[in-house]
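Start at 1 with the first residue, then count along the sequence.
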Amino acid sequence: MKYIFLLFTGFIFAQQTQNVDFKSVSAQLLLNSKEKTVSGSVDFQFEVLKDCDTISLDAKNMEFSNVKINDKEVKFINTTKQLILIFPFTKSQNHLTFTYIVKPKQALYFVDIENEEVQIWTQGQGRYTSNWFPSFDDVNEKLIFNLGITYDAAYQVVSNGVLKEKAVNGNQNHWQFQMQKPMSSYLLMLAIGKFDKKEFKSKSKIPLEYYYEPKDSDRFEPTYRYSKRIFDFLEKEIGVKYPWQINRQIPVRDFLYAGMENTTATLFATRYVVDSIGFCDRNYTNVDAHELAHHWFGDLITAESSTHHWLQEGFATYFALLAEREIYGDDYFYSKLYDTAQQIKFASRTDTIPVLNAKASSLTFYEKGAWTLFVLHESIGDKAFKKAIKSYLNKYAYQTVNTQNFFDEIKKVSDFDVDKFQKTWLESTAFDTPTANVLLSKNKTIQKRLEIDKLKKTPLADKIDILTKTLESDVYPSVKEAVVGQLENEKYESKKALLLLAMQTNNIQVRQNVAQTLTKIPEDFRLNYETLLDDKSYQTQEIALYWLWRNFPDHRTEYLDKSKNWIGFNDYNLRTLWLSLVLSTPNYSSEQESLITELVSFSSTKYEATTRQNALEKLIAFKIINDQVLSNLVGATTHHMWQFSKFGRDTIRVLLKNPEMRASFNRILPNLTPDEQFQLNRLLKE
């Protein structure tokens, strides 16, 4: 009977958008960081389009009370996945009110920070907002969200839309946000933390708010270096005014992805909060542009199903690349397209799922989707392409779309064979290399890159002259990187002159390629390689410090002295490497215990997952393992970031093969939290 009921309710919900139109929702929320709960009162405004007797909301593991339709109590069923309302609904305007409380299992996260501080943030896409707010997992149900949040006055609170009111209530503040236009539920967001912000305005007078933690004030400029420029460019390039009232960008700790385009408020990972040196290796430019482009392609118009996901990810990837072209130039643009073409071609050997398939890979949705648009753009011309984009966005604004909707607009501006194009680029897993090469070859850098790549299997003696001339030329650095890449497996004496030329380019990426590929460093190249330690690149410094330490034991003291004050990115990559090298260098330091304590602390919950994993990897690789390290490793298995929790589980599995390690894990088991005990017990029983 239960099985029949679940089928019945699933059918009801599938039909719901035809019977009921939810217009808006207002809610007043309280968040309890100690209990990790969300509670509040909610008011949905909706219109019944066809008579029906049930309406449902998606709501995971929530408790409800005071459930009323038009101020009258109604019967409801709480399935723990949905709230189902039973009532004789007739064509009319209505409002649904209730109170609820939930302890979210996902989609809203309480991230503990040192000194009892906390960050709270949400991630609706792929996780479902219905884990923390009663809403709709179906993207086709769009409505206007207005959230009010009450929280500790020491914190900043951000939600979708314009801040209409901020009221002080003792040691708490009430923040009231308001949207004007509808959106899908997965774009609903909250972010709470101790942030500062700087405010700007776009050329079109849209307010721009860029947030940062106070400790990162000196990283503000490099982090947001191109943010306003990207905004102004995309608004002009897309040809449709930014469709929302405000744009905010907020870095949050332990974020699940690079970024997320919540309507009016992009959240992004703190790994992109960088200083000027970090900018060279890991900057926010592409993520910034990608998530902002989604405010048109995804937020304004939303793919009606996962089959058409490329209409969001392919478009955001392509328009982000156009923004980068505006900043970094044509050579950068074509080089990125060339690199992704190689990735797609390689993947197509085994990937049997095309773009127009809900199960397509990220590479397919994002990069092949972007390539599809690039080919289309070049094929029909800039004027026609922009006209179609503008018409497409305006026609389907605040609605859901499919691929046919987009191609219908293309047909209006061009007689291009869309059907054949769709079969080639969206329905086939093959990559149209001839077409791609013709388009890429318009760029001289790519002409040279293709010439160099054709030499991959040519003996070094037969190609050394052209490789030498390439490194000595002023060609774009990506071509020189390709040259270095071809030297990796060559004998040192044969390639030494080329390596010296690569080092003399003084280009950070070309020199970094040398650092990565020359891991066995001959003595007569040592002085040249040591210059990499002075490059303005934390990534290069990390690679160079490690391989110099490995290759030249007699020089370890000078390398460690030189790097003793290095910190690196905000994940402390250089500091954790230095600590692990010092602890593995006999007689270098007499402060072994304090250094071990410092390195172990980096693996604790005081730090973000990237820092913790970095520290744990080094502790285990250098065999600096004590009970605290093992406890911190078990703690990784309970983390909300799947990559980190998987790292924890996989590493424990390897360690458990050692009987002594197994005994150590059993010894620490009673001192772990219940969640940690559960995870470790599972691994011990495998």
Drop me the distance from [X]'s [atom1] to [Y]'s [atom2], to the nearest 0.5 angstrom.
| X | Y | atom1 | atom2 | result |
| --- | --- | --- | --- | --- |
| Trp578 | Leu545 | CH2 | CG | 10.5 Å |
| Asn169 | Asn173 | CG | CG | 8.5 Å |
| Met62 | Phe98 | CE | CZ | 8.0 Å |
| Tyr151 | Ser33 | OH | OG | 3.5 Å |
| Met661 | Leu630 | CE | CG | 5.5 Å |
| Asp112 | Lys34 | CG | NZ | 11.5 Å |

Within-4.5 Å side-chain heavy-atom neighbours: [X] and [Y]:
| X | Y | value |
| --- | --- | --- |
| Asn570 | Thr270 | yes |
| Asp254 | His639 | yes |
| Met260 | Thr266 | no |
| Leu633 | Ile620 | yes |
| Phe647 | Asp650 | no |
| Glu367 | Thr317 | yes |
| Val118 | Val111 | no |
| Leu616 | Phe644 | yes |

TODO: Please lay out, stage by stage, how Ser604 and Asn632 fare under the test side chain to side chain donor-acceptor pair (under 3.5 Å).
DONE: CA-CA 6 Å; Ser604 73; Asn632 291 346; 5.4 Å; no

Open item on the list: For the residue pair Lys194 and Tyr155, would you count it as a cation-pi contact if the rule is NZ or CZ under 6.0 angstrom from the ring centre and within 45 degrees of the ring axis?
Closed with: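 Yes, Lys194 sits over the ring of Tyr155.
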
- [ ] Assess Lys198 against Phe220: is NZ or CZ under 6.0 Å from the centre of the six-membered ring, and within 45 degrees of the ring's axis?
- [x]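 That pair qualifies as a cation-pi contact.
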
TODO: Check the pair Leu147, Gln28 against side-chain contact (heavy atoms from CB on, under 4.5 Å), reporting the backbone distance first and the verdict last.
DONE: CA-CA 6 Å; Leu147 294 191; Gln28 303 303 320; over 6 Å; no

We want to know whether [X] and [Y] form a side-chain donor-acceptor pair, criterion being a heavy-atom distance below 3.5 angstrom.
| X | Y | value |
| --- | --- | --- |
| Thr673 | Asp675 | no |
| Ser130 | Asp58 | no |
| Gln539 | Gln512 | yes |
| Gln172 | Thr150 | no |
| Lys36 | Asn32 | no |
| Trp549 | Thr585 | yes |

Tell me if the [atom1] atom of [X] is crowded by more than 12 foreign heavy atoms within 6.0 Å.
| X | atom1 | result |
| --- | --- | --- |
| Lys81 | NZ | no |
| Phe76 | CZ | yes |
| Lys646 | NZ | no |
| Phe622 | CZ | yes |
| Glu686 | CD | yes |
| Arg550 | CZ | no |
| Glu63 | CD | no |
| Tyr257 | OH | yes |

TODO: State whether Asp299 and Lys142 are salt-bridged, where the test is any N-O pair (Lys NZ or Arg NE/NH1/NH2 against Asp/Glu carboxylate O) under 4.0 Å.
DONE: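 No, Asp299 and Lys142 are not salt-bridged.
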
Open item on the list: Is there a side chain to side chain donor-acceptor pair (under 3.5 Å) between Gln176 and His174? Walk through the geometry before answering.
Closed with: CA-CA 7 Å; Gln176 187 65 51; His174 180 75; 3.2 Å; yes

Between the main-chain N or O of [Y] and the side-chain N or O of [X], is there a donor-acceptor pair closer than 3.5 Å?
| X | Y | value |
| --- | --- | --- |
| Tyr100 | Trp132 | yes |
| Arg248 | Asn160 | no |
| Ser603 | Val600 | yes |
| Glu598 | Leu579 | no |

Open item on the list: Does Phe268 form a ring pair (Phe, Tyr, Trp, His ring centres under 6.0 Å) with Tyr284? I'd like the steps, not just the answer.
Closed with: CA-CA 9 Å; Phe268 66 97; Tyr284 180 49; 3.9 Å; yes

TODO: Run the numbers on Lys60 and Asp137 for salt bridge (charged side-chain N to carboxylate O under 4.0 Å, His left out), then give the verdict.
DONE: CA-CA 11 Å; Lys60 309 290 192 305; Asp137 296 345; 2.8 Å; yes

- [ ] Would you please test Trp566 and Arg575 for side-chain contact (heavy atoms from CB on, under 4.5 Å) and show each step?
- [x] CA-CA 6 Å; Trp566 290 1; Arg575 183 61 181 172; over 6 Å; no

TODO: Can you tell me which residue pairs pass the salt bridge (Lys or Arg N to Asp or Glu O under 4.0 Å) test with a partner in residues 274-289, sequence neighbours excluded?
DONE: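 Passing the test, one end in residues 274-289: Arg282-Asp571.
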
TODO: Would you check, one step at a time, whether the test side chain to side chain donor-acceptor pair (under 3.5 Å) holds for Asn681 with Lys685?
DONE: CA-CA 6 Å; Asn681 270 317; Lys685 292 174 183 176; 5.3 Å; no

TODO: Begin with the C-alpha distance, continue with both residues' side-chain angles, and end with the deciding distance and a verdict on side chain to side chain donor-acceptor pair (under 3.5 Å) for Gln679 and Thr638.
DONE: CA-CA 7 Å; Gln679 293 294 338; Thr638 66; over 6 Å; no

Open item on the list: Can you classify the ring geometry of Phe602 versus Tyr572 as parallel (below 30°), tilted (30 to 60°) or perpendicular (above 60°)?
Closed with: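 Answer is tilted, since the angle falls between 30° and 60°.
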
- [ ] Look at the aromatic rings of Phe44 and Phe136 and report parallel, tilted or perpendicular, splitting at 30° and 60°.
- [x]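 Because their plane-to-plane angle is over 60°, the rings of Phe44 and Phe136 count as perpendicular.
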
- [ ] Apply side-chain contact (heavy atoms from CB on, under 4.5 Å) to the pair Leu595 and Ser589, showing each step before the final yes or no.
- [x] CA-CA 9 Å; Leu595 295 176; Ser589 173; 3.5 Å; yes

Task: Chi angles and distances behind the ring pair (Phe, Tyr, Trp, His ring centres under 6.0 Å) call for His640, Trp121 - done: CA-CA 12 Å; His640 65 262; Trp121 48 262; 5.4 Å; yes

Task: All pairs passing side-chain hydrogen bond (donor to acceptor under 3.5 Å, both in side chains) where residues 213-225 contributes a residue, at least two apart - done: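 Every side-chain hydrogen bond (donor to acceptor under 3.5 Å, both in side chains) pair that includes a residue of residues 213-225, provided the two are not neighbours, is Gln119-Glu213, Glu213-Arg253, Glu221-Arg225, Arg225-Ser276.
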
TODO: Could you please spell out the steps behind the side-chain contact (heavy atoms from CB on, under 4.5 Å) verdict for Phe133 and Val25?
DONE: CA-CA 11 Å; Phe133 188 83; Val25 57; 4.0 Å; yes

